[in-house]
Amino acid sequence: IDILYAHFAVIPWGDFMFMTTDHLTGGPTEYAFQQLFQERLAKVKQPCALLHMDIKHFSAINMIYGRETGDKILKEVYHVLEKALGAHEFISHIHTDVFLIVVNAGNTEELEARIHALDDVVYYHTNFEPVDHIFFSIGAYLIPSSSDSYEHAADCANYSRTISCDLSDENTCYEIYGYTVQDTRARSIELLRKSRTALETGHFEIYLQPKYELVHETIAGAEALIRWKDPDEGMIPLFQFMPAFEESDFIRTIDRLCLSLCCNFYSAVWIMDSLLSQSRLIFPNHISPVTHFSEISFCRFLKSTMSLQN
C-alpha cells in the first residue's frame, strides 16, 4: 500500500482508499492488485502464475441463504486463502464471487501443487456455515516473462476457466492455459474471416450419412454433414470451425446453405431413383429447431427453397 500511495499522493485519502481497498474483505481492489502485479514482475525474480478463482454455484448460496450470509462466506474464503499464501503471493476479491491470486510457480507441477494446496485449505475449513464445502472453477496462467501485462494474464487465466468441461460439477476444477487447454480464439477469428469467401467460392460441401432401418433392412434416410474443403489447408476439421460459427450469426447462413444443398439433392434424378425411392428424409444434422423454426424469416426461406426445387 505504501508503494501505491507514493504514486497517488495528491489524491485525497478517502478517494485513495476507495480505489485501493475492497469494502467487503479489506484487501486490495482489482486496481490495487494490478499495481501489485506489475510491481512483482518488475522487482521479484521468482517465477509466478495468476489464478482466476470463481466459487461454484455462489448465486444459489445467495438465493437460498441471503446476501448477508453470502458476504460472510466471501470474507471467510478470502481470509482463509490469504493466510495460506507465501512470500510474494497476494490475493484480491475483484467482484461478486471471483478472486485473483498471484502464486509462486515456475512450471506446471509447481502450479498444480499450489492449486491443490489452496483448494485443500478451503475444502477442509469448517466455518462456512450453513454451507458444508466450497468448490471453485479455476483458470491458471503461468507468467512467461516480466514483460507480460496484467490485462493479458487476467484474460488468459479467465479464458482457461470458462472453457473447462467441469464447470457444473460438485468439485473444484482447474485448467492451465497452454497446458490443459489451448487458446483457439485466434484460429476462430481467422476461420470466421475466411468463411464468407469460402461460402462464395463453394468450399462448403455436404456429405450424406445414410440412416439404415434394421426392421426393413433398407436405407430410411440420411443426415447431411457440412464439410469445409479449403484449397490451401484441405479439409478443415469440424471442431475447429463449427464452435466459431455457432457463436456468431454465420451459423444461420451455413444452415440455410445446408438446406439448399439438401433440396438440390432431392431434385437430382440419381438421388430420386437410387436413394430416395425408399427413404424418408435428408436433413442437416446440426439444424436447431429452437434457433431457426421459431423465426418467420427462416420458415419463409425454407418454404421458398423447397418450392424452387419442387
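Counting from 1, the numbers follow the sequence of the chain as shown.
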Chemist: Go through it in stages, so that I can follow the logic: the residues are Ile101 and Glu89, the test is side-chain contact (heavy atoms from CB on, under 4.5 Å), and I'd like the CA-CA distance, side-chain angles, deciding distance and then a yes or no.
Modeler: CA-CA 7 Å; Ile101 305 179; Glu89 296 183 330; 5.5 Å; no
Chemist: Are Phe90 and Leu81 connected into the same hydrophobic cluster when the rule is that any two of I, L, V, M, F, W, Y join if their side-chain heavy atoms are below 4.5 Å apart?
Modeler: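 Hydrophobic grouping puts Leu81 apart from Phe90.
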Chemist: Between the side chain of Arg196 and the main-chain N/O of Phe250, is any donor-acceptor distance below 3.5 Å?
Modeler: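 No; judged by distance alone, with no hydrogens or angles, the pair does not exist.
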Chemist: A side-chain contact here means heavy atoms from C-beta on lying under 4.5 Å apart; do Ile206 and Arg227 qualify?
Modeler: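 A side-chain contact under 4.5 Å is absent here.
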Chemist: Taking His216 for its side chain and Ile219 for its backbone only, find out whether a donor-acceptor pair lies under 3.5 Å.
Modeler: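 Between the backbone of Ile219 and the side chain of His216 there is no qualifying donor-acceptor contact (under 3.5 Å).
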Chemist: Would you mind reporting whether Leu74 and Ile55 have side-chain heavy atoms less than 4.5 Å apart?
Modeler: yes
Chemist: Is the shortest heavy-atom distance from the side chain of Lys229 to the side chain of His203 under 4.5 Å?
Modeler: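 The answer is no, as the side chains (C-beta and beyond) never meet within the 4.5 Å cut-off.
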Chemist: I'd like to know if Ile115 and Val77 are part of one continuous hydrophobic network [Ile/Leu/Val/Met/Phe/Trp/Tyr, side-chain heavy atoms within less than 4.5 Å].
Modeler: yes
Chemist: Within the 4.5 Å heavy-atom criterion, are Ile176 and Tyr141 side-chain neighbours or not?
Modeler: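 Not touching, per the 4.5 Å side-chain cut-off.
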Chemist: Applying side-chain hydrogen bond (donor to acceptor under 3.5 Å, both in side chains) between His93 and each of Thr29, Asp22, Thr25, report the one that passes.
Modeler: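 With His93 as partner, Thr29, Asp22, Thr25 yield a single side-chain hydrogen bond (donor to acceptor under 3.5 Å, both in side chains), made by Asp22.
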Chemist: Flag the pair Leu111 / Leu51 as yes when at least one side-chain heavy-atom distance between them is below 4.5 Å, and no otherwise.
Modeler: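 When only atoms from C-beta onward are counted, Leu51 and Leu111 do touch, with a gap below 4.5 Å.
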Chemist: With clusters defined by side-chain heavy atoms of hydrophobic residues (ILVMFWY) lying less than 4.5 Å apart, directly or transitively, does Tyr177 cluster with Phe99?
Modeler: no
Chemist: Could you walk me through whether Tyr65 and Lys72 pass side-chain contact (heavy atoms from CB on, under 4.5 Å), step by step?
Modeler: CA-CA 11 Å; Tyr65 303 110; Lys72 289 180 179 179; over 6 Å; no
Chemist: For atom CD of Glu151, decide whether the heavy atoms of other residues, nucleotides or ligands shown that lie under 6.0 angstrom number more than 12.
Modeler: yes
Chemist: Hey, which of Leu191, Ile226, Ile236 is the one that makes side-chain contact (heavy atoms from CB on, under 4.5 Å) with Met242?
Modeler: Ile226
Chemist: For Leu41 and Ser145, which heavy atoms make the closest approach, and how far apart are they?
Modeler: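 Heavy atoms of Leu41 and Ser145 come nearest at CD1-O, 4.2 Å.
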Chemist: Among all residues two or more places apart in sequence or in another chain, which pass the salt bridge (charged side-chain N to carboxylate O under 4.0 Å, His left out) test with Glu190?
Modeler: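 So Glu190 forms a salt bridge (charged side-chain N to carboxylate O under 4.0 Å, His left out) with Arg187.
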Chemist: Hey, any chance Leu142 and Ile91 share a hydrophobic cluster, counting ILVMFWY side chains that come within less than 4.5 Å of each other, even indirectly?
Modeler: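 Yes, one cluster joins them.
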Chemist: Looking at side-chain heavy atoms only, is the closest gap between Pro237 and Phe239 below 4.5 Å?
Modeler: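 Touching, per the 4.5 Å side-chain cut-off.
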Chemist: So do Phe245 and Ser195 actually touch side chain to side chain, heavy atoms under 4.5 Å?
Modeler: yes
Chemist: Report yes or no: do Glu205 and Tyr207 form a side-chain donor-acceptor pair below 3.5 Å?
Modeler: yes
Chemist: Does a sphere of radius 6.0 Å around OH in Tyr150 hold more than 12 heavy atoms from other residues, nucleotides or ligands, not counting ones at 6.0 Å or beyond?
Modeler: yes
Chemist: Specify the closest pair of heavy atoms between Val181 and Ser160, including all atoms of both residues, with the distance to one decimal.
Modeler: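 Shortest heavy-atom contact: CG2-OG, 3.7 Å.
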Chemist: CD/Glu246 to CZ/Phe241 distance, rounded to the nearest 0.5 angstrom?
Modeler: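 So the gap between those two atoms works out to 10.0 Å.
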Chemist: State the OG1-CD1 distance between Thr180 and Ile163, to the nearest 0.5 angstrom.
Modeler: 7.5 Å
Chemist: Assigning hydrophobic clusters by single linkage (Ile, Leu, Val, Met, Phe, Trp, Tyr; side-chain heavy-atom cutoff under 4.5 Å), is Leu261 placed with Leu238?
Modeler: yes
Chemist: To the nearest 0.5 angstrom, please state how far the SG atom of Cys173 sits from the CZ atom of Arg161.
Modeler: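 CZ of Arg161 is found 8.5 Å from SG of Cys173.
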Chemist: Determine whether Val102 and Leu85 satisfy the following criterion, side-chain contact (heavy atoms from CB on, under 4.5 Å), listing intermediate values before the conclusion.
Modeler: CA-CA 9 Å; Val102 167; Leu85 300 181; over 6 Å; no
Chemist: Using 0.5 Å steps for rounding, measure from the CD atom of Gln38 to the OG atom of Ser146.
Modeler: 10.0 Å
Chemist: If you measure from CD1 on Ile61 to OG1 on Thr69, what distance do you get to the nearest 0.5 Å?
Modeler: 10.0 Å
Chemist: For Asp71, check salt bridge (charged side-chain N to carboxylate O under 4.0 Å, His left out) against everything at least two apart and list the hits.
Modeler: none
Chemist: So, for Lys56 and Phe136, which heavy atoms are closest and what is the spacing to 0.1 Å?
Modeler: CE-O, 3.6 Å
Chemist: Just do the side-chain contact (heavy atoms from CB on, under 4.5 Å) check on Ile94 and Phe33 with the steps written out, would you?
Modeler: CA-CA 9 Å; Ile94 60 171; Phe33 183 89; 5.6 Å; no
Chemist: Please check: side-chain N/O of Tyr78 versus main-chain N/O of Ser92, any donor-acceptor pairing under 3.5 Å?
Modeler: no
Chemist: For residues 116-131, dump all side-chain donor-acceptor pairs below 3.5 Å to protein atoms at least two apart in sequence or in another chain.
Modeler:
| from | atom 1 | to | atom 2 | distance (Å) |
| --- | --- | --- | --- | --- |
| His116 | NE2 | Tyr174 | OH | 3.3 |
| Asp119 | OD1 | Thr172 | OG1 | 2.7 |
| His125 | NE2 | Glu76 | OE2 | 2.8 |

Chemist: Considering non-hydrogen atoms only, spot the tightest contact between Thr253 and Leu199 and give its length.
Modeler: CG2-CD2, 3.4 Å
Chemist: Distance check, rounded to the nearest 0.5 Å: Arg114 atom CZ versus Cys48 atom SG?
Modeler: 12.5 Å
Chemist: Using only atom types and a distance under 3.5 Å, with no angle test, would you say the side chain of Arg40 pairs donor to acceptor with the backbone of His88?
Modeler: yes
Chemist: Work out which heavy atom in Phe37 is nearest to a heavy atom in Ala153; give both atom names and the distance.
Modeler: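 What the structure gives for the nearest pair is CZ-CB, 3.8 Å.
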Chemist: Under 6.0 Å between the ring centres of Phe135 and His57?
Modeler: no
Chemist: Minimum heavy-atom separation for Ala87 to Asn104, with atom names?
Modeler: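 It is O-ND2, 2.8 Å.
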Chemist: Looking at Tyr159, I'd like to know if the NZ or CZ of Arg185 sits under 6.0 Å from its six-membered ring centre while staying within 45 degrees of the ring's axis.
Modeler: yes
Chemist: Is it true that the side chains of Thr218 and Glu213 contain a donor and an acceptor less than 3.5 Å apart?
Modeler: no
